[in-house]
Protein chains: 2
Amino acid sequence: MSRWRPDARERLQQAALELFAEQGFAATTVPEITARAGLTTRTFFRHFADKREVLYADDAEVPAMVATMMAEAPPSAEPLALIVEGLRTVAETRFEPRKAALLARRELVRADTGLQERDLRKRAAMSEAIREGFQTRGIDPPRAALLAETSVTLIYVSLSEWLDTPNDRKLYDIILKTLATLRNALG
Amino acid sequence: MSRWRPDARERLQQAALELFAEQGFAATTVPEITARAGLTTRTFFRHFADKREVLYADDAEVPAMVATMMAEAPPSAEPLALIVEGLRTVAETRFEPRKAALLARRELVRADTGLQERDLRKRAAMSEAIREGFQTRGIDPPRAALLAETSVTLIYVSLSEWLDTPNDRKLYDIILKTLATLRNALG
DNA sequence: TAGTGTGATGACACGGCGTGTCATCACAGA
DNA sequence: TCTGTGATGACACGCCGTGTCATCACACTA
């Protein structure tokens, strides 16, 4: 038996999610979380930058994943095709298998302005990764920023609609529909 | 002479902006601000919800302004025309006359992740106001959300480019150019 | 003129967040 | 057997933001 039980980070995350579900985000203190995980308060902040971050631990590698995908795509790929294909991969690998967790998180975020801000920053981080990807591919900065922001708008508007639909509609199909709507609106 | 000097809120705001410019946002404490303004710490939080909010006090009425504009537009107005005309008014009345202040704020925001999150929430609030405006005009919710997010993308991408240009290029012209770029990219 | 209510501020206590710092000690590797 | 490393514990601390009650100039009323 080792000095400490393993998987401290995972225990902290699980304890936090449980407590958030039981009593809400704001009503849960970090000492409560660490008590349930059998650790000290200080250790929580060694694994997570702050109390909000624990809710987004599973998405930490998404921006890097986006960057890799954009870097590996053939140079001939058109920006729009790149977006659509990239969003498809992100949708299928990161969102579709986690619908329940995403719904639960959305409820927590709805109820707390601090979490809303953190959520927006995660979107911004994704936009930033996409923007850098486009710029690396030689697209001029303003255009890259515009394409990146539009990509993030597409995925999140579609994600929201997908979470609102009870059945198992494919997120990717909603993305395509949203893109068509946008094209139509800008006609 | 009254019991307290008048304009407590304005004095707090000015003291805060001075101190942020002198030593940065994070390094400035609320007691420092209130000491310079000749008030107590508690009073600061009676005028501003938190330390970040003082930087956005001048933009408090923008969402309501957007809502009013959208409600007063003729029912026949097309969504895209509404957006472009609305962004033009916002640009000319709220942004163009305040370029120096907006540049200063952008520098502060760049240096502090907490301020970045607050900044994103202000964008989200604007998006929300636009979304409600479109929904009130009878546009279905997903489409309204998409149009609102796209509007906010347009204004902020253009605003960023405008702030980067040293001369006095019109923000509205940049918005039109950005819209053309977006159309071209999606076309 | 006296009385009364109102609204902004002061004063004070307090819980919670997040950080800095040093000690502890199982484990791995030499 | 020794030594270094890395994760954790323990503790102090500053700052943020809130709750609560007291204070008191001013306006309003009779």
Side-chain angles (χ1 to χ4, degrees), chain A residues 1-20 22-57 60 108-109 111-119 121-122, chain B residues 1-20 22-57 60 108-109 111-119 121-122:
Chain A
M1 163 115 183
S2 55
R3 183 176 180 195
W4 296 286
R5 294 165 54 204
D7 302 324
R9 182 184 174 92
E10 286 68 28
R11 272 153 51 215
L12 286 168
Q13 187 183 1
Q14 187 185 343
L17 294 181
E18 288 172 9
L19 285 164
F20 293 164
E22 292 169 12
Q23 44 186 359
F25 175 81
T28 302
T29 68
V30 175
E32 278 178 315
I33 298 170
T34 52
R36 182 170 293 202
L39 293 163
T40 62
T41 302
R42 189 64 183 86
T43 296
F44 179 91
F45 292 106
R46 289 195 177 99
H47 287 278
F48 303 99
D50 56 47
K51 200 175 89 174
R52 282 164 262 167
E53 203 63 16
V54 68
L55 269 173
Y56 294 89
L108 290 172
V109 170
D112 188 281
T113 58
L115 281 178
Q116 288 164 27
E117 297 190 342
R118 177 56 45 85
D119 202 83
R121 195 168 100 187
K122 295 303 179 183
Chain B
M1 163 113 184
S2 57
R3 183 176 179 196
W4 298 285
R5 296 164 50 204
D7 302 324
R9 182 185 174 91
E10 287 67 28
R11 272 152 51 213
L12 286 168
Q13 186 182 2
Q14 187 185 344
L17 294 180
E18 288 173 9
L19 285 164
F20 293 163
E22 292 169 14
Q23 44 185 355
F25 176 81
T28 302
T29 67
V30 175
E32 278 179 316
I33 297 170
T34 52
R36 182 170 294 202
L39 293 163
T40 61
T41 302
R42 189 65 184 86
T43 297
F44 179 91
F45 293 106
R46 290 195 177 101
H47 287 278
F48 303 99
D50 56 47
K51 201 174 90 174
R52 284 164 254 166
E53 203 63 16
V54 68
L55 269 174
Y56 294 89
L108 290 172
V109 171
D112 188 280
T113 58
L115 281 179
Q116 289 164 27
E117 296 190 343
R118 179 54 47 85
D119 202 83
R121 195 167 102 187
K122 295 303 179 182

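So you know, we letter chains A, B, ... as the sequences are listed, proteins then strands, and number each from 1. Below, all heavy atoms of this structure are taken into account, side chains as well, without hydrogens, waters or symmetry copies.
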Check the distance between dC17(C)'s P and R52(A)'s CZ and give it to me in whole angstrom. 11 Å

To the nearest angstrom, the CZ-P distance between R42(B) and dT20(D) comes to 11 Å

dist R52(B):CZ -> D112(B):CG (nearest 0.5 Å) comes out at 8.0 Å

Nearest non-hydrogen partners of A27(B) and E32(B), listed with the distance: O-OE1, 3.5 Å

Could you state the CD-P distance from E53(A) to dG18(C), rounded to the nearest angstrom? 10 Å

In terms of side-chain heavy atoms, does E18(B) have a donor or acceptor partner in Q14(B) at a distance below 3.5 Å? yes

Nearest heavy-atom approach of K51(A) to V54(A) is O-CG1, 3.1 Å

Specify the separation, in whole Å, of atom CD of E32(A) and atom P of dC17(C). 9 Å

note: R118(B), atom CZ; dG17(D), atom P; distance rounded to Å ~ 8 Å

Distances under 3.5 Å between protein N/O atoms and the N/O atoms of nucleotides 7-9 of chain C, please, pair by pair.
unit_1	atom_1	unit_2	atom_2	d
dT9(C)	OP2	H47(B)	NE2	2.8
dT9(C)	O3'	W4(B)	NE1	3.4

Output yes when E53(A) and K122(A) qualify as a salt bridge under the 4.0 Å nitrogen-oxygen rule, no when they do not. yes

Could you tell me how far apart D50(B) (CG) and dC17(C) (P) are, to the nearest whole angstrom? 16 Å

Is the shortest side-chain N to carboxylate O distance from E22(A) to R36(A) below 4.0 Å? yes

F44(A) has an atom CZ; how far is it from atom P of dT19(C), in whole Å? 11 Å

Between C1' of dC16(D) and CZ of F25(B), the distance in whole Å: 11 Å

